[in-house]
2 protein chains.
Amino acid sequence: MDLTVAEENYLKAIYHLSDGGKKSVSTNDIAAEINTKPASVSDMLRKLGEKEVIEYRKYYGLQITETGKRYALQTIRKHRLWEVFLVEKLNFAWDEVHEVAEQLEHIQSPLLIQRLDAYLNFPKFDPHGDPIPDEFGDVRSRPRVQLNEMDVDQTGQIVAVKDSSAAFLRYLDKVGAYIGARIKVLDKVEFDGSLEILVDQKKTLFMSKDVASNILVLQS
Amino acid sequence: MDLTVAEENYLKAIYHLSDGGKKSVSTNDIAAEINTKPASVSDMLRKLGEKEVIEYRKYYGLQITETGKRYALQTIRKHRLWEVFLVEKLNFAWDEVHEVAEQLEHIQSPLLIQRLDAYLNFPKFDPHGDPIPDEFGDVRSRPRVQLNEMDVDQTGQIVAVKDSSAAFLRYLDKVGAYIGARIKVLDKVEFDGSLEILVDQKKTLFMSKDVASNILVLQS
DNA sequence: TTTCAAATTTAGGTTTGGCTAAAAATAAAT
DNA sequence: ATTTATTTTTAGCCAAACCTAAATTTGAAA
């Protein structure tokens with residue numbers, strides 16, 4: 001199911017006002033937060049209830065559902081990643097980023113966000129110091145493994161290198177592997193531990209165990 | 001006046017179909033291009049006519065106005081800059097960028113586009129080889145001057161450096177000047193040609209004529 | 001417990017951007 | 001020149017997301 005831009009904004013507001021689903025939120029509070037009239041909020045709450053991203057009982061208030069939280073966190077994640085981008089790459093001041101990020105957060109493209117995340121080096125906090133949820137909507141960071149320790153058919157994303165010498169990075173670049181690349185282990189040679197890897201579902205490449213042991217992968 | 005997303009898309013389609021305002025375009029062609037019904041197109045053409053971005057005579061066809069062209073080129077500029085970003089920075093393949101750029105092109109923020117342009121080093125072509133219009137909507141590239149040759153009160157944007165040694169770039173970074181910064185000459189010392197510069201309407205900084213002569217500015 | 005003020009919802013209206021079906025204008029063919 | 005086919009426009013509807021004004025519900029105070 002897909003949410004409209006307005007629905008995303010409501011969910012985000014509800015998530016924030018309820019402090020992540022803890023506190024209860026009033027129609028008036030939501031109206032104030034997103035600058036609309038309470039009547040419009042009532043209308044939207046009914047719709048959000050039908051889509052089951054909140055549990056809504058007229059006059060009695062609402063509760064954000066697990067599904068709803070996922071959507072809200074996804075939007076927050078995108079917002080904060082864009083903020084990092086604007087500040088670190090485009091030299092925006094920390095206080096100039098909000099309204100632009102407010103627009104950028106609604107761009108639909110999971111690939112874009114994955115790549116942006118990688119490009120920014122998987123930041124954990126935005127320029128205001130707020131934590132950036134991971135792609136599953138939580139802050140728990142999953143373990144990274146060395147590429148040479150993965151098994152055939154396992155997939156993941158290159159997130160870091162152990163040896164960050166220019167020579168090694170140039171080599172990775174040349175063969176088409178880079179921070180953020182999605183990879184899959186196609187084959188593993190028992191004899192010397194060398195690997196055949198599929199990069200971004202397109203290129204295949206071979207690498208020695210030595211090289212693989214310098215590549216850190218976030219498994220998926 | 002501000003255009004809606006739909007209006008921007010229509011204008012872009014009209015601009016493309018008319019080959020920049022040369023050929024005439026039919027209602028049916030537009031409908032086919034943007035995947036709507038001719039009836040919806042008629043409706044929109046009336047609105048675009050009222051907003052004077054096209055000249056529209058029922059049944060007789062339409063002509064994009066100069067204002068309309070400006071808007072169309074602005075959207076095309078944004079689209080192509082984002083394509084460069086996606087390919088060069090986020091490792092998108094040249095054929096994966098279109099639909100994402102189609103969304104990104106509607107983000108409203110002149111500052112964002114200025115900074116993005118600078119960040120990408122003022123590319124003249126997108127990954128498909130199509131030219132990127134400048135911020136005034138044309139391809140004519142304006143002359144760059146050395147910062148030391150500018151007069152007091154003149155403004156512009158840093159677009160390049162002559163000496164691109166790491167040391168010089170580090171220096172620029174340290175003092176808060178960078179490719180893409182908007183600057184204004186506040187004062188010029190006759191005696192030695194040194195300058196006082198306002199960067200991004202915030203920081204002021206002093207620099208020798210020697211340093212200034214290595215900074216290229218696009219005047220505005 | 002009844003009353004009343006605040007919060008919330010409903011009813012009905014607007015704009016934007018679509019749609020279908022029907023009408024009107026233009027262009028092509030006999 | 002008249003009929004026919006094509007293109008384009010109008011008329012009338014729909015959904016999303018807002019609005020105002022009028023009900024309704026809740027809960028706090030008398």
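So that the names make sense, note that chain A is the first sequence line, chain B the second, and so on, each numbered from 1. The analysis underlying the following values was restricted to heavy atoms, covering all of them including side chains, and did not include hydrogens, waters or symmetry mates.
Distance alone, capped at 3.5 Å, places no donor-acceptor pair between the B:E8 side chain and the B:V5 backbone.
When the P atom of C:dA6 is taken as reference, atom CG of A:D29 falls 16 Å away, rounded to whole Å. Counting to the nearest Å, the P atom of C:dC19 and the CE atom of B:M44 are 11 Å from each other. In this structure, B:E8 places its CD atom 15 Å from C1' of C:dG17, rounding to the nearest Å. Here C:dT9 presents its P atom at 14 Å from NZ of A:K47, a figure rounded to the nearest Å. If you measure from atom OH of A:Y60 to atom P of C:dT8, you get 13 Å, rounded to the nearest angstrom.
Contacts classified as side-chain hydrogen bond (donor to acceptor under 3.5 Å, both in side chains) and involving residues 21-34 of chain B (residues at least two apart or in different chains) are given here: B:S26-B:D29. Within the structure, the ring-ring contact (aromatic ring centres under 6.0 Å, His included) test picks out no pair touching residues 37-72 of chain A (sequence neighbours left out).
Applying the ring pair (Phe, Tyr, Trp, His ring centres under 6.0 Å) rule to B:F85 yields the partners A:F85, B:W82; only residues at least two apart in sequence or on another chain are considered. Not counting sequence neighbours, the partners of A:K202 by the salt bridge (charged side-chain N to carboxylate O under 4.0 Å, His left out) test are B:E96. Remark: B:R70 engages no residue in a side-chain hydrogen bond (donor to acceptor under 3.5 Å, both in side chains) (not counting sequence neighbours). Annotation: ring pair (Phe, Tyr, Trp, His ring centres under 6.0 Å) contacts of A:H79 (sequence neighbours excluded): A:H98. Listed by chain and residue number, nothing satisfies the salt bridge (charged side-chain N to carboxylate O under 4.0 Å, His left out) test with B:R182 (two or more places apart in sequence, or in another chain). With sequence neighbours excluded, the residues satisfying salt bridge (charged side-chain N to carboxylate O under 4.0 Å, His left out) with A:K12 are A:E102, A:E105. Applying the salt bridge (charged side-chain N to carboxylate O under 4.0 Å, His left out) rule to A:E50 yields the partners A:R46; only residues at least two apart in sequence or on another chain are considered.
Looking at residues 13-25 of chain A, you'll see that no heavy atom sits under 4.0 Å from any atom of DNA chain D.
Protein chain A contacts DNA chain D from D:dA16 to D:dT26, reading 5' to 3' and using non-hydrogen atoms of the protein with a distance under 4.0 Å.
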Pairwise N/O distances under 3.5 Å, protein to nucleotides 10-12 of chain C:
unit_1, atom_1, unit_2, atom_2, d
C:dT10, OP1, A:K58, NZ, 2.6

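Summarising the geometry, atom CG belonging to A:N35 is positioned 11.5 Å from atom CG belonging to A:N9; distances are rounded to the nearest 0.5 Å.
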